[in-house]
Amino acid sequence: MVERADIAVIGGGMVGLASALALRERGLDVVLCDPGEARARTSYGNAGVVSRGSILPMASPALWGKLPAYLRNADRALRLDYPHLPRILPYLTHFLASARESRWREAAASLLPLTSAAYAAHERLAAKAGTTDRLARTGWIKAYRTEEAFAGAALERDILHRHGVAFEILDGDALREREPALVRRYARGMLLTETGSVREPGRLIEACEALFAQSGGRRIRGSVTRLTPGSEGWSVAHDGGTLAAKQVVLAAGAASGTLTKDLGYRFAIAAERGYHRHYALHPDSPPLTCPVLDTGAASIIAPMGPDRVRVLSGVELNARHAKPNHSQIEAASREAAETLRLGGPLDNEPWLGSRPATPDGMPVIGHAPRHTGLIFAFGHGHIGLSTGPITGEIVADLATGREPAVPIAPFAPQRLLGFPRLL
């Protein structure tokens, strides 16, 4: 028999779960469709940063000066898999076109209302899920090894300042005083004070799953293979059968483009793969109190508890299911061992996940242009965990005919359509 629901949410990461929970609060009968592979979700491997200042996309004007090193795979911030690049050529073309100061400033202005609402939405979700002990206003630090590197980020600081994002500039001594766990000497640091962090993001996802079940939400553990519109809603084909739903929310991250292709939507999106590994802190080391982006290593070190940290690598542009390449995370781990007093690794092997990336660095949120009852909510890139809860509230507004509290016109699906090939 065909299972039925008011609305199907496809994707069980932070965006999908938050959407499913917000829709249940509006009284809708919700079915969440997801394979159930917790470690495969990008939300699981996040640094946990929830920052009002996450308004600057990867396509920055500084890209052009770094491009020769990127093309040689000589910069740890980016690794290119050359056989894969022809498949993402439209994404790359649009990405390069976005790497201009005017576009960077426009994107920052568009993202600010979303990121400004992110922490409060996390607080509301944490209170319901019973995870308030895992969310704190820790701030987060961007550390610069040289004065030249700090000077090179002047445009970033100007944009943050113009949008009222609070930060403090620390010299090397002040940075060491703020974070005694750091043994590497840095020239400067920028502390973004309006930033929180989620300790062990995977635990938050598990709590949200439990809350969804307690709320009466239903779940299908399997992959969705096809979406078919009908006169009374949607037919959702999955590994175990078929679900009939009046509406569908597509929040499947980097896999979303596969499902939209059959509906005629070819989005300029790509999978930005990233790796992490956990390490114990040396017993004599002070705890790390907030996430630190080492700009010289192009990697992040984030506290996951008083005695362990998560080391996260730069970006790898490759197919989602390609074999892992551990060169970036191995380099990041070597750098981290000179930044903190580390003990041994706590994982048998590094984690790997794929961020759903758009070329302009902004998510896709809104009604599908040509299909009634289909809502897109994917492409959040590096801010999926951060803006997932507020995106869920926006989705619930869209599904129930309300005006979202956050303006979403800049995130309209139409802006990324029209490219000749699916990425």
Side-chain angles (χ1 to χ4, degrees), residues 39 42 44-49 51 54 58 66 69 73-79 136 138-146 149-150 153 170 172-192 195 197-202 272-316 324-353 355 382 385:
R39 280 182 59 88
T42 309
Y44 177 92
N46 197 277
V49 174
S51 179
S54 296
M58 297 289 289
K66 299 177 180 179
N73 279 333
D75 190 310
R76 294 167 182 169
L78 178 66
R79 181 185 173 275
T138 59
W140 88 297
I141 292 170
K142 292 188 176 183
Y144 302 89
R145 297 186 181 186
T146 66
F150 176 74
L170 309 175
D173 292 335
L175 180 56
R176 178 70 66 85
E177 183 177 352
R178 174 62 171 74
E179 283 294 342
L182 298 176
V183 295
R184 185 189 293 276
R185 184 72 181 179
Y186 291 97
R188 297 271 189 147
M190 179 172 66
L191 170 64
L192 288 101
T195 298
S197 61
V198 177
R199 180 167 51 87
E200 294 185 293
E272 289 186 357
R273 305 206 318 173
Y275 300 78
H276 81 226
R277 197 166 197 182
H278 294 107
Y279 287 85
L281 283 173
H282 189 279
D284 295 334
S285 173
L288 185 68
T289 67
C290 76
V292 176
L293 166 60
D294 184 337
T295 60
S299 59
I300 297 175
I301 305 172
M304 292 291 131
D307 57 357
R308 70 191 191 107
V309 297
R310 175 177 289 179
V311 178
L312 300 102
S313 73
V315 168
E316 178 189 37
N325 183 311
H326 293 154
S327 59
Q328 285 173 294
I329 189 60
E330 289 172 353
S333 296
R334 290 193 296 270
E335 295 285 358
E338 298 181 11
T339 301
L340 300 174
R341 298 183 66 190
L342 295 182
L346 301 176
D347 309 313
N348 291 330
E349 62 180 31
W351 173 89
L352 167 62
R355 306 179 189 91
H382 294 255
L385 181 88

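This structure is a prediction, so every number in the text was calculated from the model and none was measured.
In plain terms, the two heavy atoms of A181 and S285 that are nearest each other are CB-OG, 4.2 Å. Scanning both residues, P287 and P306, for their nearest heavy atoms gives CB-O, 3.5 Å. Across all their heavy atoms, P350 and I329 have their closest contact at CG-CG2, 3.8 Å. Closest approach of P201 to Y44, counting heavy atoms only: CB-O, 4.4 Å. Nearest heavy-atom pair, L312 versus A332, reported as atom, atom and distance to 0.1 Å: O-CB, 4.3 Å. P291 and A47 get closest at one heavy-atom pair: CG-O, 4.4 Å.
Here CG of N46 is found 7.5 Å from CZ of R310. Values are rounded to the nearest 0.5 Å. To the nearest 0.5 Å, atom CZ of residue R79 and atom CD of residue E316 are 4.5 Å apart. Note that the NE2 atom of H278 and the OG atom of S333 stand 11.5 Å from one another [nearest 0.5 Å].
Applying the salt bridge (Lys or Arg N to Asp or Glu O under 4.0 Å) test to every pair with at least one member in residues 295-304, sequence neighbours left out, gives no pairs at all.
In summary, of the residues considered (L175, I301, L288), a side chain to side chain contact (heavy atoms under 4.5 Å, CB included) with I141 occurs for L175 alone.
T289 and R178 share a donor-acceptor pair across their side chains, judged by distance under 3.5 Å alone. With hydrogens and angles left out, the side-chain atoms of E330 and Y275 include no donor and acceptor closer than 3.5 Å. A donor-acceptor pair shorter than 3.5 Å can be found between the side chains of T138 and S197. Inspection of the H326 and E349 side chains reveals no N or O donor paired with an N or O acceptor under 3.5 Å.
The side-chain hydrogen bond (donor to acceptor under 3.5 Å, both in side chains) check on R184 picks up E335, T339, with sequence neighbours excluded.
Both the sub-6.0 Å distance and the 45° axial angle are not jointly satisfied by R188 relative to the ring of Y144.
Of the possible donor and acceptor atoms, none in the side chain of D307 sits under 3.5 Å from a partner among the backbone N and O of L281.
W140 is listed as a side-chain neighbour of I300, based on a closest heavy-atom distance under 4.5 Å. When side chains are defined from C-beta on, V315 counts as touching H382, because their heavy atoms get closer than 4.5 Å. Counting heavy atoms from C-beta on, the side chains of C290 and E179 come closer than 4.5 Å. A heavy-atom distance below 4.5 Å is found between the side chains of L342 and V309. Side-chain contact between R341 and V183 is present, with heavy atoms from C-beta onward closer than 4.5 Å. Inter-residue side-chain proximity for L346 and Y279 is flagged as unmet; no heavy-atom pair is nearer than 4.5 Å.
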Q.
As a quick check of understanding, evaluate salt bridge (charged side-chain N to carboxylate O under 4.0 Å, His left out) for D294 and R145, giving each step before the final call.
A. CA-CA 8 Å; D294 184 337; R145 297 186 181 186; 2.9 Å; yes
Q: Give the intermediate values and the outcome of side-chain contact (heavy atoms from CB on, under 4.5 Å) for residues Q328 and R76.
A: CA-CA 6 Å; Q328 285 173 294; R76 294 167 182 169; 5.5 Å; no
Q) For M190 and T295, what are the C-alpha separation, side-chain angles and deciding distance, and is it a side-chain contact (heavy atoms from CB on, under 4.5 Å)? A) CA-CA 11 Å; M190 179 172 66; T295 60; over 6 Å; no
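Applying the 6.0 Å contact sphere to CG of D284 captures more than 12 heavy atoms from other residues, nucleotides or ligands.
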